[in-house]
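Please read the structure below before turning to the comments.
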Protein chains: 2
Amino acid sequence: MSASKLGATRTDVRANVRRVPGPCAHWGDQDADFIREILDLVGDKWSVLIIGTLADGPTRYSDLAYAIPRISQRMLTLTLKHLQRSGLVDRTAYPEVPPRVEYALTDLGTSLLSTVLALAAWSSDHHAEIRHHQTAFDAAGAPRNAS
Amino acid sequence: MSASKLGATRTDVRANVRRVPGPCAHWGDQDADFIREILDLVGDKWSVLIIGTLADGPTRYSDLAYAIPRISQRMLTLTLKHLQRSGLVDRTAYPEVPPRVEYALTDLGTSLLSTVLALAAWSSDHHAEIRHHQTAFDAAGAPRNAS
DNA sequence: CTGAATCCGCAGTGATACTG
DNA sequence: CAGTATCACTGCGGATTCAG
């Protein structure tokens, strides 16, 4: 509703003619918010890496830290908590003398894994091509130091 | 190599025993960088929305601004440039008196679209469940103002 | 071992105004 | 119409230190 209000507020000049009535053909106005919601969840720096690592089975905190070399304790803990909060991972603490905590993917998390894996596959398939495009683009527009 | 160096640097206590030798079973150490690369590209606030809108066919700048209500000119221009730089969208300027510029998805962009659409579908399917988990989690841990 | 707490730089984002 | 330029703000994310 916020969209229709905003859209009507700005002006109605295009209300009679122009195409592109709504956001897009693939999702509605509020669907966009859902996507953003998921993107905020997995679009950050570490979530996907953690999910991928957790796919191998329940993993201890320190093992996660080892499996994802450049992550800081802060981000590991924080991201883990976010994922747990959203029901993607499950935390199990064992009341032992040397504290032991295991994190595991929930069913929900596993279902997201397949989608994320598809994205990972696409990344591997096209990263070279993207790199190439970026280099060509930079060579065409960036060199203001040339000449 | 940076990973192995870092891993070796921190200590070698676990080098002999512990499992979880590499990052994870689904992608290698550098594959993680590819994923991050793509995530940096589409994980931002607007890329996915733009890609989705562009899926309907070539779209003009102002139509994009209208289709994505809350986006600022700055972000629209900037995100568009990022996507163009990576070869996901194609920019075509028509040298007319009233300037007209159309943006369209490239083949590369279209191939990403299907993957992104899968993520969007997942979002729609599970956003309610996620919301529920979040609420429950907050109710259990957050209320330090209760009682 | 598994965190929590703090300080802090900086990149991402938005609002506004200006240009061709 | 289609951008560009500038300023200011916010929160992410890293490094470090403390605690159970």
Side-chain angles (χ1 to χ4, degrees), chain A residues 6 10-11 13-14 17-20 36 39-50 58-85 89-104 141-142 144, chain B residues 2 6 9-11 13-14 17-18 20 36-37 39-50 58-85 89-104 141-142 144:
Chain A
L6 284 171
R10 76 203 311 268
T11 40
V13 283
R14 56 139 57 65
V17 270
R18 202 84 84 209
R19 57 276 171 63
V20 188
R36 285 282 310 280
L39 240 41
D40 286 345
L41 192 59
V42 303
D44 63 88
K45 240 179 164 183
W46 304 109
S47 295
V48 170
L49 281 315
I50 291 180
T59 311
R60 295 187 55 168
Y61 180 87
S62 52
D63 284 338
L64 280 173
Y66 176 64
I68 308 171
R70 303 190 291 277
I71 196 173
S72 62
Q73 286 193 349
R74 171 187 159 82
M75 278 302 109
L76 180 54
T77 301
L78 213 132
T79 307
L80 240 16
K81 197 174 296 179
H82 282 159
L83 294 176
Q84 184 194 358
R85 184 176 105 98
V89 311
D90 191 26
R91 194 189 112 119
T92 310
Y94 299 89
E96 304 174 354
V97 197
R100 183 165 60 99
V101 179
E102 280 190 348
Y103 293 89
R144 41 181 170 278
Chain B
S2 65
L6 284 170
T9 302
R10 77 203 309 267
T11 37
V13 282
R14 55 139 60 61
V17 271
R18 202 84 81 209
V20 189
R36 284 283 309 279
E37 201 175 318
L39 239 42
D40 286 346
L41 193 58
V42 303
D44 63 89
K45 239 180 165 184
W46 304 108
S47 294
V48 170
L49 280 316
I50 291 180
T59 312
R60 298 185 52 168
Y61 181 88
S62 54
D63 284 338
L64 280 173
Y66 175 64
I68 308 172
R70 301 190 291 278
I71 196 174
S72 63
Q73 286 194 347
R74 171 187 160 82
M75 277 302 108
L76 180 54
T77 300
L78 212 132
T79 308
L80 240 16
K81 199 173 295 180
H82 282 160
L83 295 175
Q84 184 194 357
R85 184 175 106 97
V89 311
D90 192 26
R91 193 191 112 116
T92 309
Y94 298 90
E96 303 174 355
V97 196
R100 184 164 60 97
V101 179
E102 280 190 348
Y103 292 89
R144 39 179 171 279

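The model shown is predicted, which means the values in this text are computed figures rather than measured ones. As a basis for the values below, the full set of heavy atoms in this structure was taken, side chains included, without hydrogen atoms, waters or symmetry mates.
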*Carefully, step by step, assess Ile68(B) and Ile50(B) under the rule side chain to side chain contact (heavy atoms under 4.5 Å, CB included).*
CA-CA 8 Å; Ile68(B) 308 172; Ile50(B) 291 180; 3.7 Å; yes
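Counting heavy atoms from C-beta on, the side chains of Leu83(B) and Ser47(B) come closer than 4.5 Å. Residues Leu76(A) and Tyr61(A) meet the side-chain proximity criterion, which asks for heavy atoms closer than 4.5 Å. Contact of the Leu80(A) side chain with the Tyr103(A) side chain is registered, since non-hydrogen atoms from C-beta on lie closer than 4.5 Å. With contacts defined as side-chain heavy-atom distances shorter than 4.5 Å, the pair Val101(B)/Thr92(B) does not qualify.
In this structure, Leu39(B) places its CG atom 15 Å from C1' of dG13(D), rounding to the nearest Å. A straight line from OH of Tyr94(B) to P of dA2(D) spans 12 Å, rounded to a whole angstrom. What separates CG of Leu80(A) from C1' of dT2(C) is a distance of 11 Å, to the nearest Å. Here dG11(D) presents its P atom at 13 Å from CG of Asp40(A), a figure rounded to the nearest Å. Between the CG atom of Asp63(B) and the C1' atom of dG3(D) there is a distance of 15 Å, rounded to whole Å.
Between Arg100(B) and the phosphate of dA2(D), there is no side-chain N or O to OP1/OP2 separation shorter than 4.0 Å.
A cation-pi contact, defined as under 6.0 Å to the ring centre and within 45° of the axis, links Arg36(A) to Trp46(B).
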*Produce a footprint string for nucleotides 4-20 of chain C: one letter per nucleotide, 5' end first; B if the base is under 4.0 Å from any protein heavy atom, S if only the sugar-phosphate is, - if neither.*
B-B------BBB-B--B
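In this structure, Tyr103(A) reaches the sugar-phosphate backbone alone: every heavy-atom distance under 4.0 Å involves primed, P, OP1 or OP2 atoms, never a base.
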